[in-house]
Amino acid sequence: MLPDMDSTFRIFAAHLRTVTCEWSYPEHSHPLFEVNLVLSGSQEMIVNGQRYIQKPGDLMLLSPEDVHESRAAGPERMTYYCLHFNVDERLLRELLFRSDDFLYTEYSPLTRAIRPSLDKLIELTSENAEFRLANKMRTLSVVFELFAGLSENLERSREGAAGSKMNRIAAEIAAGLERYVELGEDSSGGEVMEGSEGIESEDTSRETVAAVIEGLGYSASSCNRMFHNVYGMSPRQYLSALKLKKAKLLLMEPDMSVEAVSARLGYKDIAHFSRQFKRWTGEPPGKFRGKFHI
C-alpha cells in the first residue's frame with residue numbers, strides 16, 4: 001500500500017530569458033526557493049555577500065530570504081532559466097534549508113539529477129501555444145520529478161546530519177503541531193470545545209506552540225531558533241500553514257458544509273472562520289469550496 005500523501009506547492013514566475021552583456025538585477029530577497037540555471041554565457045551572482053560565477057550548465061539553489069543580486073559576466077549574451085517555488089513538504093524543506101551550498105556545477109550530482117526535469121520545464125516554458133490543461137498536468141508531473149531528484153540527491157549528500165540535536169528538536173515540534181491540526185486538539189491536548197476560539201486566535205496559536213515545546217528541555221527562544229534554522233519559518237508560521245491546508249482539504253469534502261468545517265477546526269462560529277480564511281486566501285470559504293462542488 002502507498003501511504004496517504006498530502007502536500008502542496010507553488011510555482012511562481014518561472015521564466016526563460018536571454019539578456020545582453022550589460023544586464024544586471026539589483027540586490028533583493030523573496031520568500032521562495034529559487035533554482036537559477038545558466039544555459040549560455042556567464043552569470044555573476046552574489047548571495048549573502050559571497051560571489052559566484054555560473055558557467056553554462058551551472059545552477060544556483062537559493063532558500064527563502066537569501067539576499068542576492070546578479071549580472072551578466074561575459075562579453076556575450078547570456079541565457080538563463082529561473083524557477084521560484086515553495087513547498088510545504090516538511091522533510092524536503094528540511095533538506096533544502098540544511099544545504100550549505102549555493103552553486104552546483106554542470107557535472108555535480110545534484111545538477112545531473114535535476115537537469116532532465118529542468119529541460120522539460122524549459123521546453124514547456126518555451127512553447128508559445130496557449131497553456132492548456134494537458135500542459136498544466138505535464139508541468140505538475142515534471143515539478144514532482146524535480147522535487148524527487150532534489151530529495152534523493154540532498155538526502156544522499158546529507159546522510160548522518162538528520163540525527164543532529166537541532167533537526168531532532170525541530171522535527172518533534174513539527175510533528176506535535178501536525179498532530180494538533182490533524183486531530184483538532186486544543187493547546188492543552190484535549191478536544192476543542194464548542195464555543196471556544198479554537199485554533200483561530202493568535203493567543204491560542206502561541207499557547208499551542210508553547211504546549212508542543214514544553215518538556216523538550218529547551219527554552220522557547222531556542223526552540224524557535226532551531227525550528228527556523230531547519231524549516232525556514234517559525235513554529236507559529238508553520239502552524240498557520242498547516243491550518244490553511246487542512247481548511248482547504250476539508251472544504252473540498254463533498255459531505256461537509258462550511259459550518260461543519262468551521263466546527264471541525266475549532267472556531268467558535270462560522271464568522272470567525274470565514275474572516276480567517278479570507279485573510280489567508282483573499283476569498284471566503286464558500287467561494288473556495290464552490291470551485292469544487294457544483
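Every heavy atom of this structure was used, including side-chain atoms; hydrogens, water molecules and symmetry mates were not.
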Practice task
Determine, using ring centers only, whether H228 and Y238 are less than 6.0 Å apart.
Solution key: no
Handout entry: Residues T20 and E22: side-chain donor-acceptor under 3.5 angstrom
Key = yes
Exercise for the section: Answer yes or no: is there an ion pair linking E283 with K278, defined by an N-O contact shorter than 4.0 Å? Expected result: no
Exercise for the section: Would you mind checking if K245 and D88 are paired as a salt bridge, meaning a charged N to carboxylate O distance below 4.0 Å? Expected result: yes
Practice task
Indicate, with yes or no, if the rings of F277 and F288 have centres closer together than 6.0 Å.
Solution key: yes
Problem - Flag side-chain contact, heavy atom, 4.5 Å: Y52 against M60 - result: yes
Practice task
Please work out whether the ring planes of Y25 and W23 are parallel, tilted or perpendicular, with thresholds of 30° and 60°.
Solution key: tilted
Problem - R112 side chain to N153 side chain, donor-acceptor N/O pair below 3.5 angstrom - result: no
Handout entry: Test item: side-chain donor near acceptor, Q43 and D58, under 3.5 Å
Key = no
Exercise for the section: Would you tell me whether E65 and H30 have side-chain atoms, one donor and one acceptor, within less than 3.5 Å of each other? Expected result: no
Problem - salt_bridge(R93, E89) N-O dist < 4.0 Å - result: no
Exercise for the section: Give, for atom OG of S108 and atom CG of D101, the distance between the pair rounded to the nearest 0.5 Å. Expected result: 9.0 Å
Exercise for the section: Report the residue from F147, F33, F85 that forms a ring pair (Phe, Tyr, Trp, His ring centres under 6.0 Å) with F9. Expected result: F147
Exercise for the section: For the residue pair W280 and S240, confirm or rule out a side-chain donor-acceptor distance under 3.5 Å. Expected result: yes
